[in-house]
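The structure under discussion appears below in the form of structure tokens.
For this chain, numbers begin at 1 and follow the sequence in order.
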Amino acid sequence: METVSTNRAFGGVQGVYTHASAETGTPMTFSVFVPEHAPGTKLPVLWYLSGLTCTHANVTEKGEFRRACAEHGVIFVAPDTSPRGDDVPDDEGYDFGKGAGFYVDATEEPWSANFRMRSYIETELPAVIAEHFPADMARQGITGHSMGGHGALTIALRDPSRFRSVSAFAPIVSPLNCPWGEKALTGYIGANRAAWREYDACALIEDGARLPDLLVDQGTADGFLEGQLKTHLLEEACAEAGQPATIRMQEGYDHSYYFISSFMPEHIGWHAERLK
């Protein structure tokens, strides 16, 4: 692991780091905020997965999470959304290829060689965090935005024992039922829709996966709400399955970081309570 930059913030350290990923076969960049803490102290970890077109930098620069993380003593980890590099395959669209890894392990060529974001987030990067930072890996939470909300929900539903807390901002709740998801999963996984279910939060809940609790915020003025995000499908799946969930429609908010940063401190406090 190499340090790209570090900055003092709210008494802690905001760092950006890079390492050679065996899963993606590329260098991967991520950011970590570590609050001020006593020597030898291990702190809980909150993962944040970003949305389409984003890198680690979007939330790091615009997410307004550091004050709340410092207050609650929570490490904040923000990975990239896909592999990068001249040799990595790409697509002309913003919603597929670089910047759009969808947190899956691709099985279709040419994507399967590099697009292994599921294994990267589930296995490889946690090992790096555990080795290099004062992280208590027995106390992890996860959140994310849009495509990253999809990633947070599905990763947690597949392995609920890993996470004590799960939330999302404007998540893609059912890739099986939206254009973004259909394009990504067809391209990365193939045409067999049955294989997509492990990457669909609503389908996972329908198939029996459960979380202790769930917090979701969604803006009513989000231009992607009706065509892509379809929050009502998650509400219906949770109600049908008896999955505890607080799903809040926030009047007048859009899909931007103005929305995310407005509710980020509340989400961090919600996670911190469950990560004690």
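For Y188 and W196, the gap between ring centers reaches or exceeds 6.0 Å.
Residue L49 comes nearest to A152 through the heavy atom pair CD1-N, 3.6 Å, listed as atom of the first residue, atom of the second, then distance. Residues A68 and P265 share a closest heavy-atom pair of CB-CA, 4.0 Å. The shortest non-hydrogen separation linking N114 to P89 is OD1-CD, 3.4 Å. Contact detail for P179 and Q228: the closest heavy-atom pair is CD-OE1, 3.3 Å. In terms of heavy atoms, A135 sits closest to I129 at CB-CG2, 3.9 Å. When every heavy atom of C69 is checked against every heavy atom of P35, the shortest pair comes out as O-CG, 3.5 Å.
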For this session: Carefully, step by step, assess H56 and T29 under the rule side chain to side chain donor-acceptor pair (under 3.5 Å).
Result: CA-CA 7 Å; H56 70 284; T29 302; 5.3 Å; no
For this session: Applying side chain to side chain contact (heavy atoms under 4.5 Å, CB included), run through V173 and H150 and close with a yes or a no.
Result: CA-CA 6 Å; V173 305; H150 141 76; over 6 Å; no
For this session: Using the side chain to side chain contact (heavy atoms under 4.5 Å, CB included) rule, take M28 and T26 through it: C-alpha gap first, then chi angles, then the decisive distance, then the call.
Result: CA-CA 6 Å; M28 294 294 291; T26 67; 3.6 Å; yes
For this session: Check step by step if side chain to side chain donor-acceptor pair (under 3.5 Å) holds for N7 and Q14.
Result: CA-CA 5 Å; N7 295 93; Q14 175 64 65; over 6 Å; no
Exercise. What's the verdict on side chain to side chain contact (heavy atoms under 4.5 Å, CB included) for I155 and Y199, showing C-alpha distance, side-chain angles and the deciding distance?
Worked result: CA-CA 8 Å; I155 288 170; Y199 295 113; over 6 Å; no
Problem set entry | W111 and F102: CA distance, side-chain angles, deciding distance, ring pair (Phe, Tyr, Trp, His ring centres under 6.0 Å) verdict | CA-CA 12 Å; W111 315 101; F102 264 82; over 10 Å; no
For this session: Start with the C-alpha gap between D80 and T55, add the side-chain angles, then the distance that decides, and say whether side chain to side chain donor-acceptor pair (under 3.5 Å) holds.
Result: CA-CA 5 Å; D80 202 348; T55 70; 5.1 Å; no
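The distance from the CZ atom of R116 to the OG1 atom of T24 is 10.0 Å, given to the nearest 0.5 Å. Rounded to the nearest 0.5 angstrom, H232 NE2 and I247 CD1 are separated by 11.5 Å. Here the OG1 atom belonging to T107 is positioned 4.5 Å from the CD1 atom belonging to I189, to the nearest 0.5 angstrom. Atom-to-atom distance recorded for R248:CZ and T220:OG1 is 13.5 Å, nearest 0.5 angstrom. Taken from CE in M147 to CG in D95, the straight-line distance is 10.5 Å, to the nearest 0.5 Å.
Between V13 and V32, every side-chain heavy-atom pair lies at or beyond the 4.5 Å cut-off. The shortest distance between side-chain heavy atoms of D207 and E198 does not fall below 4.5 Å. Inter-residue side-chain proximity for I75 and V77 is flagged as met; some heavy-atom pair is nearer than 4.5 Å. Between M1 and Y17 the shortest side-chain heavy-atom distance falls below 4.5 Å. Residues T246 and L214 are not in side-chain contact: their nearest non-hydrogen atoms beyond the backbone lie 4.5 Å or more apart.
Proximity of a side-chain donor or acceptor of Q243 to a complementary backbone N or O of L211 within less than 3.5 Å is detected. H145 places no side-chain N or O within 3.5 Å of a backbone atom of A170 that could act as its donor or acceptor partner. Judged by distance alone, with hydrogens and angles left aside, the side-chain atoms of K98 form no donor-acceptor pair with the main-chain N or O of D91 at under 3.5 Å. A donor-acceptor distance shorter than 3.5 angstrom exists from the side chain of K230 to the backbone of N177, with no hydrogens or angles considered. Of the possible donor and acceptor atoms, one in the side chain of S21 sits under 3.5 Å from a partner among the backbone N and O of E23. Using modelled atom types, no side-chain atom of T154 and backbone atom of A201 make a donor-acceptor pair closer than 3.5 Å. No donor-acceptor pair closer than 3.5 Å links the side chain of T3 to the backbone N or O of S5. Between the side chain of T143 and the backbone N or O of S167, at least one donor-acceptor pair lies under 3.5 Å. Side chain of T186 to backbone of A191: no donor-acceptor contact under 3.5 angstrom is found. No side-chain donor-acceptor contact under 3.5 Å links S261 to the backbone of E64.
The pair R66-E71 does not meet the salt-bridge criterion, since no charged nitrogen lies less than 4.0 angstrom from a carboxylate oxygen. Using a cut-off of 4.0 Å between Lys/Arg side-chain N and Asp/Glu carboxylate O, E124 and R118 are scored as not salt-bridged.
Environment of CZ in R67: sparse, with no more than 12 heavy atoms of neighbouring residues, nucleotides or ligands closer than 6.0 Å. Within a 6.0 Å radius of OH in Y258, other residues, nucleotides and ligands contribute 12 heavy atoms or fewer.
Linking ILVMFWY residues whenever their side-chain heavy atoms come closer than 4.5 Å, directly or via other members, places W180 and L176 in the same cluster. Hydrophobic cluster membership is shared by I205 and L233, with clusters built from Ile, Leu, Val, Met, Phe, Trp and Tyr side chains linked at under 4.5 angstrom. Under the 4.5 Å side-chain heavy-atom criterion for Ile, Leu, Val, Met, Phe, Trp and Tyr, L275 and V34 are members of distinct hydrophobic clusters. Linking Ile, Leu, Val, Met, Phe, Trp and Tyr whenever their side-chain heavy atoms come within less than 4.5 Å puts W47 and V128 in one cluster.
A search for side chain to side chain contact (heavy atoms under 4.5 Å, CB included) contacts involving C54 returns S50, N58, T81, not counting sequence neighbours. For D200, there are no salt bridge (charged side-chain N to carboxylate O under 4.0 Å, His left out) partners two or more places apart in sequence or in a different chain. Under the salt bridge (charged side-chain N to carboxylate O under 4.0 Å, His left out) criterion, D90 pairs with no residue at all, not counting sequence neighbours. The salt bridge (charged side-chain N to carboxylate O under 4.0 Å, His left out) search around E108 returns none, not counting sequence neighbours. Every residue two or more places apart in sequence or in another chain was checked for a ring pair (Phe, Tyr, Trp, His ring centres under 6.0 Å) with H72, and none qualifies. Shown here are the salt bridge (charged side-chain N to carboxylate O under 4.0 Å, His left out) partners of E273, two or more places apart in sequence or in another chain: K276. By the ring pair (Phe, Tyr, Trp, His ring centres under 6.0 Å) test, H19 pairs with F30, Y120, sequence neighbours left out.
Within the structure, the salt bridge (Lys or Arg N to Asp or Glu O under 4.0 Å) test picks out the following pairs touching residues 148-177 (sequence neighbours left out): E122-R158. Sorted by first and then second residue, the side chain to side chain donor-acceptor pair (under 3.5 Å) pairs with a member in residues 30-46 read S31-T60; sequence neighbours excluded.
When hydrophobic side chains of Ile, Leu, Val, Met, Phe, Trp and Tyr are connected at separations under 4.5 Å, L215 ends up clustered with W270. Hydrophobic side-chain contacts under 4.5 Å tie F76 into a cluster, directly or through other members, with F33, L46, Y48, V59, F65, V74, F169, Y253, Y257, F259, I260, F263, M264, I268. Listed by chain and number, the hydrophobic cluster partners of V16 are V4, where partners are ILVMFWY side chains within reach of under 4.5 Å, directly or through others.
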